[in-house]
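One is the number of the first residue; the rest follow in order along the sequence.
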Amino acid sequence: MPEPTELVVLVLLAACAGAIVAWPLLRPQPARPTADDRETLALRHRVALDGLRDVEADRRAGSLDEAAYAAARAEAEAIAADSLRALDSAAPAAPDGPRGSARRPLAAAAVVLGLAVVGGAFLPPPIGLANPTLDPRAGRIADAAARFAANNRDAQAISDLADAYAAGDTLPDQQRAAAALLLLINLQPQNASAYTRLATAYLRAGDDTDATSTLDSLAAVSPDSADLPFLRGLVARAKGDDAEARRQFERFLSLAPNDPRASMIRGLLAEASPSR
């Protein structure tokens, strides 16, 4: 059983998690947008992402000093975050989604879920989340989200939130991971790992353009990183550019022959080689 201090922390975390989960269900729901509205919001978000890429391009061209770059990047990221929130809110609801008064019982259930997710970490198996047969990702998301809600400049909380979302296998998971990583990069613009993870999230989301732009930024931060040719090879492969993929993969193997990913890359190169 937890100590009294642990119980206090548990209650606070559970309240935060419950509020985070329940708020979207309790707040007034705006009128659902039309398909044209969603297309407009998607275009606005794409323009915002283009603005981020322009800032990075200006930095690489040397037209921005560090102070100007930081200010321009923060402004561009704020615009991109706002446009992403607007686009997410415009997503069509599932046919059996909550409507009207049905949202309140579901919200109450969401609060209970928040309590279970956070409190479950303190319970022994097979009751709690310590049971290895249960997916602990929801607990990691709730915990990181609560820490981020308490301090929106907590880089570790943002990083943990990004990793928890990135572990998912859906497009929204990767989009949320990317959004968290953009916040992390805003706080830590020299964090090479954040750029690598962001490019990976974009790749998993099928966004080769933003993955390429992110890798260009990684090159400015860590030009000798083995992740650069590894991920550039994957981008080229996704685009069907086999020659470029081979060139990048061979460079990766020359930089990191003992990397755990090297055997996979050797296998890809072997598959791409013409049979004799």
Student: Within a strict 4.5 Å, meaning less than it, do heavy atoms of the Asn191 and Ile185 side chains meet?
Tutor: no
Student: Answer whether the closest heavy-atom distance between the side chains of Gln188 and Ser193 falls below 4.5 Å.
Tutor: no
Student: How far does CG of Leu218 sit from CG of Leu198, to the nearest 0.5 angstrom?
Tutor: 10.0 Å
Student: Please find the pair of heavy atoms, one from Gln190 and one from Val221, that lie closest to each other, and give the distance.
Tutor: O-CG1, 3.4 Å
Student: Check whether any side-chain N or O of Gln174 sits under 3.5 Å from a backbone N or O of Ala166 as a donor-acceptor pair, and report yes or no.
Tutor: yes
Student: Donor-acceptor pair, Ser159 side chain versus Gln156 backbone, under 3.5 Å?
Tutor: no
Student: Which atom pair, heavy atoms only, marks the closest approach of Ala245 to Ala236?
Tutor: N-CB, 3.6 Å
Student: Might you point out which heavy atoms bring Ala145 and Leu161 nearest each other, and give the distance in Å?
Tutor: N-CD1, 4.1 Å
Student: Could you tell me the separation between the CZ atom of Arg251 and the CD1 atom of Ile265, rounded to the nearest 0.5 Å?
Tutor: 14.5 Å
Student: Which value, rounded to the nearest 0.5 Å, describes the distance between Asn151 atom CG and Arg147 atom CZ?
Tutor: 10.5 Å
Student: Kindly determine whether Asp173 and Arg137 satisfy salt bridge (charged side-chain N to carboxylate O under 4.0 Å, His left out), including the steps that lead there.
Tutor: CA-CA 11 Å; Asp173 282 328; Arg137 193 169 70 94; 3.4 Å; yes
Student: Find the distance between CZ (Phe252) and CG (Leu269) and round it off to the nearest 0.5 Å.
Tutor: 10.5 Å
Student: Under 4.5 Å between any side-chain heavy atoms of Leu183 and Phe148, yes or no?
Tutor: yes
Student: My understanding is that only one of Glu244, Glu250, Gln248 makes a side-chain hydrogen bond (donor to acceptor under 3.5 Å, both in side chains) with Arg246; could you say which?
Tutor: Glu250
Student: Counting distance only, does the side-chain N/O of Tyr195 pair as donor-acceptor with the main-chain N or O of Pro189 below 3.5 Å?
Tutor: yes
Student: Between the side chain of Arg204 and the main-chain N/O of Leu171, is any donor-acceptor distance below 3.5 Å?
Tutor: no
Student: Does the Ser213 side chain pair with the main chain of Thr209, one donor and one acceptor, at a distance under 3.5 Å?
Tutor: no
Student: Can you list the other members of the hydrophobic cluster that holds Leu255, where links are side-chain heavy atoms under 4.5 angstrom apart?
Tutor: none
Student: What closest approach, in Å, do Ile141 and Ala164 show between heavy atoms, and which atom pair accounts for it?
Tutor: CG1-CB, 3.5 Å
Student: Closest approach of Pro260 and Ser263, non-hydrogen atoms and distance?
Tutor: O-OG, 3.8 Å
Student: Check each of Asp208, Asp216, Asp241, Asp227 against Arg232 using the salt bridge (Lys or Arg N to Asp or Glu O under 4.0 Å) test, and report the only one that passes.
Tutor: Asp216
Student: Is it possible for you to check whether Arg261 lies under 6.0 Å from the centre of the six-membered ring of Phe230, through NZ or CZ, and within 45° of that ring's axis?
Tutor: yes
Student: Give me the atom names and distance for the closest heavy-atom approach of Ala199 to Leu231.
Tutor: CB-CD1, 4.1 Å
Student: Starting at CD1 of Ile158, measure out to CG of Leu184 and round the result to the nearest 0.5 Å.
Tutor: 6.0 Å
Student: When you check the gap from the basic side-chain N to the acidic O, do Asp163 and Arg140 get nearer than 4.0 Å?
Tutor: no
